[in-house]
Amino acid sequence: MGGGAIGLCTAFHLRRLGVPVHVVDRGPVGGGSSWGNAGWVCLSHSAPVPAPGVIWYAARSIGRPDSPLYLRLQPTPAFLRWLVLFQRSCARTVFDRGYAAVAEFAQATFERFAELADADVVTTLTRPGLVHAYSSMAEARRTHGIQRAMAWAGYDVPGEILTGKEAMALDPALGGKVEAGYLVPGEGVVNPTAFVASLADRLRHDGVGVTEHEAVRGFRIRDGRIAALRTTSGDIECSSVVVAAGAWSVDLLRWLGVRLPLQAGKGYSFSIDLDPAPEHPLYLGDKHIAVSPIGGATRIAGTMELSGNNRRLDWRRVVAIAHASRDYLGHWYDSADDLMALIHDPWVGGRPMMPDGLPVLDRVPGSPNAYVATGHGMLGITLAPVTGKAMADYVVTGRRPAELAAFRADRFRGLLAHRPGGGVTSGGRAPGPASCGP
């Protein structure tokens, strides 16, 4: 359930293992967080969002919608509980442990992308390396030090930070106030829309059913196991279920009696025709903005907005990203009218965020033939191929792969689960209709 990069990669590897697969999505395939993201396949940016100092940064963002991390408090027990768990996850020991777990898990991602390419999936992956650009040497040193400490995860961070004209020369698109920078070689970028579309086409060619625009209304349970998925068009019989529906996984899991502490971390992006265009993906470090050459255009993405699971596009966030990018890309627009005329494909998407910033890759508690793969935050494209392989192995063998130990569903106290009873779960008291896909 879920037709984004995570769900489709899981379906791909299940099919390679000989399993009949059907993919169901509440919208079009790839229409959620897999559509408008920056497309990075990036080992050097595997750090979880909760980190030492972040909670105070988030607190200062309240009432400031132009902040890279924007927190709009929601008066619900679930949101407040999530914030408490997020705050605890900002501890140094928790951060270091999570960073190491994700970095180790991600090491095989380029190998997995190669497997997809060998199966005639047009991944669009290129590996020009990731340029880090900063207007502050202090911020450059901070990020550089963190990445150097984690370079065992399979990426090569240069020993020195370039300054002045040497930093500017890292990419032709750089300008403005760039004072420092460095290149992490081998990091990649894909066109996420084209990648997901090609992957879906490959699955259809291999006999996988792909149903789009289909709302899920519950599950039919027989002898404590899920026997069928209930949709608006009828039941889909199944032997197992994988919930890979991004932020909407929360609603689906409630049908199974599970309360997952997950919030949508909204991200924004838009595209422009920049001249000169970037030759590398760029990380504008002081402002936490991603710039990617995608589909002949330049995509600019950023922000982490915690304001509930919704698709409302706040134009103030778009303007803030555009304004901040001018410190690095030059004054590519001069007025608000220019900005509105120059940008295209404005997008907002809800990235699934667990309080500790790690995904949930596990069997659903209390449901022996249901699995969950969500919570990838800003690492969905990077982790999709390795997630798909690990989850497929889990489903087929029934044994949790060792690399998934850090991503258990029950790692937070208070996760509520019960074994579904007989009969059909449907409307009842659960929020509905539940849906698949972000």
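By convention here, the first residue in the shown sequence is residue 1.
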Note to self: Applying side-chain contact (heavy atoms from CB on, under 4.5 Å) to Leu329 and Ile300, what does each step give before you reach the verdict?
What the structure shows: CA-CA 11 Å; Leu329 304 177; Ile300 303 179; 4.0 Å; yes
Nearest-0.5 Å distance that lies between atom [atom1] in [X] and atom [atom2] in [Y]:
{"X": "Met1", "Y": "His22", "atom1": "CE", "atom2": "NE2", "result": "12.0 Å"}
{"X": "Arg225", "Y": "Ser367", "atom1": "CZ", "atom2": "OG", "result": "10.0 Å"}
{"X": "Asp286", "Y": "Met137", "atom1": "CG", "atom2": "CE", "result": "11.0 Å"}
{"X": "Asp156", "Y": "Gln147", "atom1": "CG", "atom2": "CD", "result": "11.5 Å"}
{"X": "Leu130", "Y": "Arg127", "atom1": "CG", "atom2": "CZ", "result": "12.5 Å"}
{"X": "Asp362", "Y": "Arg411", "atom1": "CG", "atom2": "CZ", "result": "9.0 Å"}

Next item on the list: Carefully, step by step, assess Val102 and Phe407 under the rule side-chain contact (heavy atoms from CB on, under 4.5 Å).
Entry: CA-CA 9 Å; Val102 175; Phe407 312 126; 4.2 Å; yes
Margin query: Can you tell me which residue among Val396, Val395, Val19, Leu14 is in a side chain to side chain contact (heavy atoms under 4.5 Å, CB included) with Ser240?
Written below: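 Exactly one pass, corresponding to Val395.
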Item checked: Residue of the set Thr124, Asn37, Thr126 for which side chain to side chain contact (heavy atoms under 4.5 Å, CB included) holds with Val190 ->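 The residue from Thr124, Asn37, Thr126 that satisfies side chain to side chain contact (heavy atoms under 4.5 Å, CB included) with Val190 turns out to be Thr124.
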With heavy-atom distances below 4.5 Å as the criterion, would you say the side chains of [X] and [Y] are in contact?
{"X": "Leu404", "Y": "Phe105", "answer": "yes"}
{"X": "Tyr371", "Y": "Thr10", "answer": "no"}
{"X": "Arg254", "Y": "Asp251", "answer": "yes"}
{"X": "Tyr328", "Y": "Asp171", "answer": "no"}
{"X": "Trp315", "Y": "Pro346", "answer": "yes"}
{"X": "Ser44", "Y": "Glu187", "answer": "yes"}
{"X": "Asp393", "Y": "Leu17", "answer": "yes"}
{"X": "Pro50", "Y": "Pro355", "answer": "no"}

Item checked: Parallel, tilted or perpendicular: ring planes of Tyr134 versus Tyr283, cut at 30 and 60 degrees ->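 Perpendicular.
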Margin query: Can a side-chain donor-acceptor contact be found between His13 and Arg16 if the only test is distance below 3.5 angstrom?
Written below: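 Arg16 vs His13: no donor-acceptor pair found between side chains.
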Item checked: Donor-acceptor side-chain pairing of Tyr268 and Asp314 below 3.5 angstrom ->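 No - no donor-acceptor pair under 3.5 Å links their side chains.
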If you compare all heavy atoms of [X] against all heavy atoms of [Y], which two are closest, and at what distance to 0.1 Å?
{"X": "Asp25", "Y": "Gly4", "answer": "OD2-N, 4.2 Å"}
{"X": "Ile294", "Y": "Ala38", "answer": "CD1-O, 3.5 Å"}
{"X": "Phe412", "Y": "Met354", "answer": "CE1-CE, 3.7 Å"}
{"X": "Val54", "Y": "Val49", "answer": "CG2-O, 3.6 Å"}
{"X": "Ala103", "Y": "Met150", "answer": "CB-CE, 4.0 Å"}
{"X": "Ala117", "Y": "Thr123", "answer": "N-CG2, 4.0 Å"}

Taking the side chain from [X] and the backbone from [Y], do they hold a donor-acceptor pair closer than 3.5 Å?
{"X": "Asp356", "Y": "Ser89", "value": "no"}
{"X": "Arg351", "Y": "Gly265", "value": "yes"}
{"X": "Lys266", "Y": "Arg312", "value": "yes"}
{"X": "Ser198", "Y": "Ala194", "value": "no"}
{"X": "Ser269", "Y": "Gly36", "value": "yes"}
{"X": "Arg81", "Y": "Pro261", "value": "no"}
{"X": "Trp82", "Y": "Met353", "value": "yes"}
{"X": "Arg363", "Y": "Gly398", "value": "yes"}
{"X": "Thr193", "Y": "Trp35", "value": "yes"}

Listing, residues 373-383 side-chain donor-acceptor contacts under 3.5 Å, not counting sequence neighbours, or none:
from, atom 1, to, atom 2, distance (Å)
Thr374, OG1, Gly246, O, 2.9
His376, NE2, Thr387, OG1, 3.0
Thr382, OG1, Trp40, O, 3.1
Thr382, OG1, Cys42, N, 3.1

Note to self: Looking at Glu237, I'd like to know if its CD atom is crowded, meaning that more than 12 non-hydrogen atoms belonging to other residues, nucleotides or ligands lie closer than 6.0 Å.
What the structure shows: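 Yes.
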Check: Is atom CD of Gln107 surrounded by more than 12 heavy atoms (other residues, nucleotides or ligands) closer than 6.0 Å?
Finding: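 Correct, the count exceeds 12.
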Checklist line | Qualifying residue for ring-ring contact (aromatic ring centres under 6.0 Å, His included) with His132, from His144, His288, His45 | finding: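 For His132, the ring-ring contact (aromatic ring centres under 6.0 Å, His included) test succeeds with only one of His144, His288, His45, which is His45.
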Check: Of all residues at least two apart in sequence or in a different chain, which pass the ring pair (Phe, Tyr, Trp, His ring centres under 6.0 Å) check with Phe95?
Finding: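 With sequence neighbours excluded, Phe95 shows a ring pair (Phe, Tyr, Trp, His ring centres under 6.0 Å) to Tyr99, given in chain and number order.
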Item checked: Side-chain ion pair, Glu115 and Arg202, N-O less than 4.0 Å ->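 A salt bridge is absent here (no side-chain N lies under 4.0 Å from a carboxylate O).
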Notebook entry, point to check: Given the side-chain rings of Tyr155 and Phe110, with only the six-membered ring counted for Trp, is the space between their centroids under 6.0 Å?
Noted result: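 Judged by ring-centre distance (under 6.0 Å), Tyr155 and Phe110 do not meet the cut-off.
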Next item on the list: For the pair Thr143 and Tyr182, evaluate side-chain contact (heavy atoms from CB on, under 4.5 Å) and give the outcome as yes or no after the intermediate values.
Entry: CA-CA 11 Å; Thr143 306; Tyr182 56 92; 3.7 Å; yes
Item checked: Criterion side-chain contact (heavy atoms from CB on, under 4.5 Å) on Glu403 and Lys389, from CA distance to verdict -> CA-CA 11 Å; Glu403 63 266 31; Lys389 179 63 167 64; over 6 Å; no
